[in-house]
Structure formats: structure tokens, C-alpha cells
Amino acid sequence: MGKFISVLVIVVLIGGGGWWYLKKGAGGGNQVVDQLFATVKEGPLVINMTESGSIRPAEQISIKSKVEGRVSILTLVPEGQRVKKGDVLVELDSSSLQDSLVNQEITVQNAQASYVQASENLEVVKNQAKADVDKAELNLRFAKEDLLKYKDGEYPKSLNELESKVTLAAEELQRAVDKLKWSKTLFEEKYLSETEYKSDALSKSRCELDLATAKGNLALLQNYTYKRQVAQLESDVSQDEMALERTRRSANANVVQAEATLRARELELNRQKARLEKLKDQIEKSTIRAPADGLVIYATSNRGPFRGNSEPLQEGQEVHERQELIVLPTADTFIAEIKVHETNLKKLYEGLPVRVRIDALPGQIFMGKVSKIAPLPDAQSIFMNPDLKLYNTIVAIEGGAGVLKSGMNCEAEVVIEQYEKTMYLPVQCVVREGGKPVVYLKTATGTEKREVEIGLDNNRMVRVISGLKVGDEVMLTPPMNTSVSLRASEEMIDAEIPDRAKVEAAKQARPQMGGGVPGGMQGGAPGGMQGGERRMPQISHEMREKFEKMTPEERREYFMKMRERMPRPQGGAPGEGGMRPQSNWPQGGAPGEGGMRPQGNWRPRGEGGTPGEGGEGGMRPQRNWQPRGDGNAPNGAPMPPTAPAAQEDAK
């Protein structure tokens, strides 16, 4: 608190002194008493700017950790030591990787065995599939041959045999008939015994039976056996064809499944092998070797100030993947890294000569050139100070081999322009009025304001192009009251500035919950809201006065009559448990003073009037509504009716 008061007192004193100075300058006119003047000179002038920075190798190899995760440093080459290509720089802890390598080798062996098993199983499945298909094809061929064999061989043969039997049986029967006839003649003449006659009769009967049997067998073959056998053989052919198709599909599915299993085992084997190779590669990368000859510089030492963790690199420290560990310069050329403020960027461009002075090497100057200007400001500088915009600039230094060391502090003088003979004066003599540079020239009668044309400055002297001559004296501390910042211009803008009182009044006039809506909800206003807007039906002044004079009992009785005339909503009359439609209508008063709130949604009906009539500016309720409570508005005021019947009763 005390510090704040002290700062406040200092500010007040400075402000008072400045005010007194401005008043004195304004009232003094052209007085030159106690004023300091500088003389315009002519001679050599160097327009330059000086920035501090540090020395870095121009060509260097950034060595980073390529081991995944976080690992510890076991051994580390000392900083500043010169190394040859292939020398060990950093050795990272790989014990966990070694353990993982052993487990992975076992996994690879198991995957290899699974792959071999799947490969052999595929050959077995293919062989079995071929055997099954061949067998099914052979069965189909046999079935077709059996069908042809029966149709063309067995059936004709059986048919011929049965027909032969029928023929033989018929002949035998004929012979038996003839013999029986002859035997009968002989028997009648007593030349043949009765036994012989009966024997011939029996032979005839036997031949008749044999013929009937032969004909029956022939009919059975032709009508039943042949058809059944053909149907059976054709069914066997069809079944064998389907069995062949099933066998082929099943064999193909088994082969595809075995091939898929083999591919899966192969992919798994390749994945495990790749992981094994990755582990070996990670173990190999745990030992970081120098890619070229050079000088070892730790990355933590190579960083500038405010560049993350400043803890030096050391053994036992944990590092993560892609973390920069060592910077290895590969050449004896150097650069200077400087930061240029945004106000000086207009002076700076690539190729400008630079004089570099090393703090550790007093008296020695190294020449160089601006080789690169960052397109964006340095992010770290913005993080430290958002209002500070610094652009990283690279200066290529000529020479310096064997003398310069990485990390040395330096001062870079960028030579922007240089003149052997030109006019110049102190930069504080020039002020800007209206965006134009002016000076206050000393005359015989006082001072005179004069516009001048100037060039660049070096923060000490500014080059004068025209407007002055050598020997002129200008005020060294010109008055600042006439110097106006371009950001505080007094030019008029083409825009209307709203009145604050009107804005506040408009805010207060906005519709609020619990009150009437201005401009259309006021009772008795002719026309009210136009069609297309939502509003309450209009109430005449006479009706309002009559309702105000009514007692609560008269109002209740009047509303009971109104309810009887109004159409009842489904579910019962209002006040008797009937349904009340919901609405988003604001809970406002009666028109003009905060009255009823309709429970239904209201919709304008063009230029129509109240429900059932054609009037001007009326509304039509989309749902039935009911008065609330005892007929009063929510704020206790009497609730005027809005239906045409109410107006008739009021009259």
C-alpha cells in the first residue's frame, strides 16, 4: 500500500511539472530564454542498430534420443571433448529392453511354430479336400453308370427272360391241353387209366399256373419294378450330384479357412518379428554414437535463456524420446543469433553488413551479413511478455575459426546505411505533428516551426534530407503539446452516436414479465396491434368502468353466466376439473393495467375481430381458455370479459 501511494505521488508531481511546462511553452510564444539548441551538421553518418546475441555454430548435427518412453542416462561423454565419427556419446539404460527382447524371442518362436503348424494343416486340408471330391465324383459316376446299366442292360435282360417264360409257359400249357384232350379220349375208351388221366389234368393246371405266374412277373417288372428301380437310381444320381457339390464347397471352405489361418499366423509371425527387430533396434539406439567428427556441446548448454528446463545434462538424468541431447558442430563456421524488435524490422533486410563484437574478445571485430530473418516473432519472448515482439535474426560471421566458441555473448552492429557526407541532427530535435516531421528553428526573433524531410536514424542522429541547411540551430527540446499521436486523431468519423438517455429509455420500455406489452396490449387503443402480431382483444372504456364498479359477488355471478355461454373445453367446464391448455403467453396484466392470462395460444385472424365476429384487429383463440381464481386478474384487478356476449351484457 505504501509503495502504491509513493508511485501515485511521483505520478502527480510529474504530471504537475509537465502541465506547468506546457503552460509555459504555450504562453511564451517565441521566447528562447533557457532553451537548448543543436546545430545541423554535415559529415559522415552511419545508420545502424545494435543488438545483443550469442554465438552458435553455423553447421551442426542435433543428436536426439530415439528410444521410446523415458530412460536414464548411464554414461555421457564430457562436454567440450572432441570426438571422432563412431565414438560413443551417450549410453542409455536398456535393461528393460533386454528383458523384453528375451520374452519377445520366445513369442517369436511360438509364432513360428504356429505358422508351421498352419502351413502343414493347409496341405493336409488340401489333400483331404481332393480325396473327398474325388470320392464324391466317383460315386456320382458309379450312380450314373448303374442307371444306364439298369436301363440298357438289366431291365431288357429281365424283360426278355420273363417274356420267354411267358412264351414257354403258354406252349407248355398248349401241350398240356392237347395231351389232356387225347388222354380224355383214351380214358373214355378205356385205354387209359383214371390215374393217368388225372395226372394229365394236373399237368394242365400246373401249366396254367406257370403261365399266369410268368405273366404276373412280366407285368410286375414292367409296371412296378422298372419304375421303382429307375426312380431309385435317378435319385442316387441326384443325391450323388448334390453330395459332390457339398463336398466341393466344404472342401473349398476348409481350404479357405486353412489359408486364412495360415495368413493370420504369418501376419502374427511377421508382427512379432517386427517387434523383435524393433526391440533390437531400440537396444542398438540406446548407444548413441557420433555421426561425424566434432566438438561435443550439450543441448542444455546450447539453449538460450528462458528456454525450458535449464538443468544441465548429466548421468542418471531421465530423457524422453526425441529429446535433444547433444549438438555436434561439424564445421568451423559460426553465426550470431540476435533478436530484433518489431519497430526495427522496416530497416532490416537480408544481406546487410554486420560488425560483430565478442564480449570475451575485446578489441576484435568480426564481419558478417544478415542471412535470415524470422517471419514470426519469437514465441518464448511473447510468453514472457505478450507486448514484446522480437524476431530471431541470423548473422553469418566471416572467419572466427579457432577463436570463436559456441555460446559466447556478442554484440551485433547492423549497418543499414552509411554516408560519407550528409546533414544530420540529434533525433530528439524532430517531433511529428499531424504525422509530419517538424523542427523548431532558431531565428532572430525567436523560434520558427518548420517541416523537414528526414531519413533513417540510428537512435542518436537522424539524417536530414531537406528543409534545413548546415549551421541551422534547432530546438533540442521542442514543445510536446503540439505533437499529437496518430492514434488520437481529432478527425470526424461518418457515424451516428446514439443518445444515452434514449437508449436507457428504450431498455426500460421493453416488455417485462407480469406487465402489459406496450404498443398493442393497452385496452381501448384503436387498432391496437396489426394483423400478424399477438395481442389481447380490445376492451371498451364503458365496459371497464362498469366492471370496476361491480362488487366481487356481481363479478362472480356475471362470469358464471359467461361460462354458460362459452363453449366448454373437453374434460369439463372451467373450474370443474376441466383441462386448461398450456400457453407461452406472458403472464401479463389486463390490457392496459395487467389483467388475465389466456391459457391457450392466440393467433391473429387477419383484420378480423373477436371470436365469431369480423372486426378490426381481433384475435382468435386456438384453444379454450378459462379465467383464473375468482375472476380477478393475477394482480387482483377485475378481469374484463372479451367475448361479444360480455360486451352485449355490459350495454
Side-chain angles (χ1 to χ4, degrees), residues 53-105 107-108 271-337 339 374 376 378-384 392 394 404-409:
S54 57
I55 302 297
R56 296 285 183 269
E59 299 179 8
Q60 60 185 17
I61 299 176
S62 177
I63 299 175
K64 301 179 180 180
S65 171
K66 297 182 181 180
V67 179
E68 297 179 355
R70 300 185 66 88
V71 292
S72 301
I73 298 176
L74 297 181
T75 60
L76 181 65
V77 65
E79 188 174 17
Q81 178 178 332
R82 288 200 170 272
V83 294
K84 299 293 184 180
K85 181 179 180 180
D87 291 350
V88 177
L89 301 179
V90 182
E91 186 176 355
L92 302 176
D93 185 15
S94 61
S95 57
S96 60
L97 294 175
Q98 295 287 351
D99 295 339
S100 300
L101 179 64
V102 175
N103 295 332
Q104 188 60 28
E105 288 177 346
T107 304
V108 169
R271 187 174 73 89
Q272 297 299 337
K273 284 183 176 180
R275 188 174 180 184
L276 178 63
E277 294 299 325
K278 183 178 180 181
L279 287 173
K280 292 180 179 179
D281 181 66
Q282 290 285 295
I283 293 173
E284 184 178 353
K285 289 178 179 178
S286 298
T287 302
I288 302 176
R289 300 181 181 274
D293 299 347
L295 182 69
V296 175
I297 301 175
Y298 293 166
T300 53
S301 303
N302 193 48
R303 297 171 186 164
F306 311 109
R307 293 290 185 91
N309 185 15
S310 59
E311 182 182 357
L313 197 66
Q314 58 186 353
E315 295 179 354
Q317 182 179 353
E318 281 193 352
V319 295
H320 55 79
E321 185 181 8
R322 301 191 64 81
Q323 178 178 340
E324 190 177 22
L325 303 178
I326 291 176
V327 174
L328 199 65
T330 58
D332 291 334
T333 56
F334 294 87
I335 60 173
E337 291 185 356
K339 297 182 183 296
L376 299 175
D378 181 54
Q380 191 66 36
S381 301
I382 297 177
F383 176 77
M384 301 301 297
N392 293 326
I394 304 299
L404 297 180
K405 302 293 183 183
S406 178
M408 285 184 170
N409 293 328

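Here the CD atom belonging to E68 is positioned 8.5 Å from the NZ atom belonging to K285, to the nearest 0.5 angstrom. Interatomic distance, CD1 of I283 versus OG of S95, reported as 10.0 Å (0.5 Å rounding). Rounded to the nearest 0.5 angstrom, E284 CD and Q282 CD are separated by 10.5 Å. For the atom pair CE of M408 and CD1 of I55, the computed distance is 8.0 Å after rounding to the nearest 0.5 Å. Here the CZ atom belonging to R56 is positioned 8.5 Å from the CD1 atom belonging to I335, to the nearest 0.5 angstrom. The CZ atom of R275 lies 7.0 Å from the CZ atom of R271; values are rounded to the nearest 0.5 Å.
Checked against Q60 for a side-chain contact (heavy atoms from CB on, under 4.5 Å), the options V327, I297, I326 give a single hit: V327. The side chain to side chain donor-acceptor pair (under 3.5 Å) with R70 is formed by just one residue from the set H320, E321, Q323, E318; it is E318.
Contact detail for K339 and S381: the closest heavy-atom pair is CD-OG, 4.2 Å. When all heavy atoms of T300 and P312 are compared, the pair lying nearest together is OG1-CA, 3.6 Å. Across all their heavy atoms, Y298 and V77 have their closest contact at OH-O, 2.5 Å. Across every non-hydrogen atom of E337 and I394, the tightest pair is CG-CD1, 3.6 Å.
Using a 4.5 Å heavy-atom cutoff, the side chains of L97 and V67 are in contact. The shortest distance between side-chain heavy atoms of L313 and I73 falls below 4.5 Å. Contact check for R82 versus D293: no side-chain heavy atoms found under the 4.5 Å cut-off. Counting only heavy atoms from C-beta outward, the side chains of L295 and L328 never approach each other to under 4.5 Å. Side-chain contact between K280 and L101: present, with at least one pair of heavy atoms (C-beta onward) separated by less than 4.5 Å.
Inspection of the S62 and E324 side chains reveals an N or O donor paired with an N or O acceptor under 3.5 Å.
Atom CD of E315 is surrounded by more than 12 heavy atoms from other residues, nucleotides or ligands within 6.0 Å.
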Please assess T287 against R289 for the test side-chain hydrogen bond (donor to acceptor under 3.5 Å, both in side chains), listing each intermediate value before the final yes or no. CA-CA 6 Å; T287 302; R289 300 181 181 274; 5.7 Å; no
Before giving the answer on side-chain contact (heavy atoms from CB on, under 4.5 Å), spell out for S286 and V71 the whole-Å C-alpha distance, their side-chain angles and the decisive distance to 0.1 Å. CA-CA 9 Å; S286 298; V71 292; over 6 Å; no
Are Q98 and V102 close enough, and set up right, to give a side-chain contact (heavy atoms from CB on, under 4.5 Å), and what steps lead you there? CA-CA 7 Å; Q98 295 287 351; V102 175; over 6 Å; no
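No donor-acceptor pair closer than 3.5 Å links the side chain of E79 to the backbone N or O of V296.
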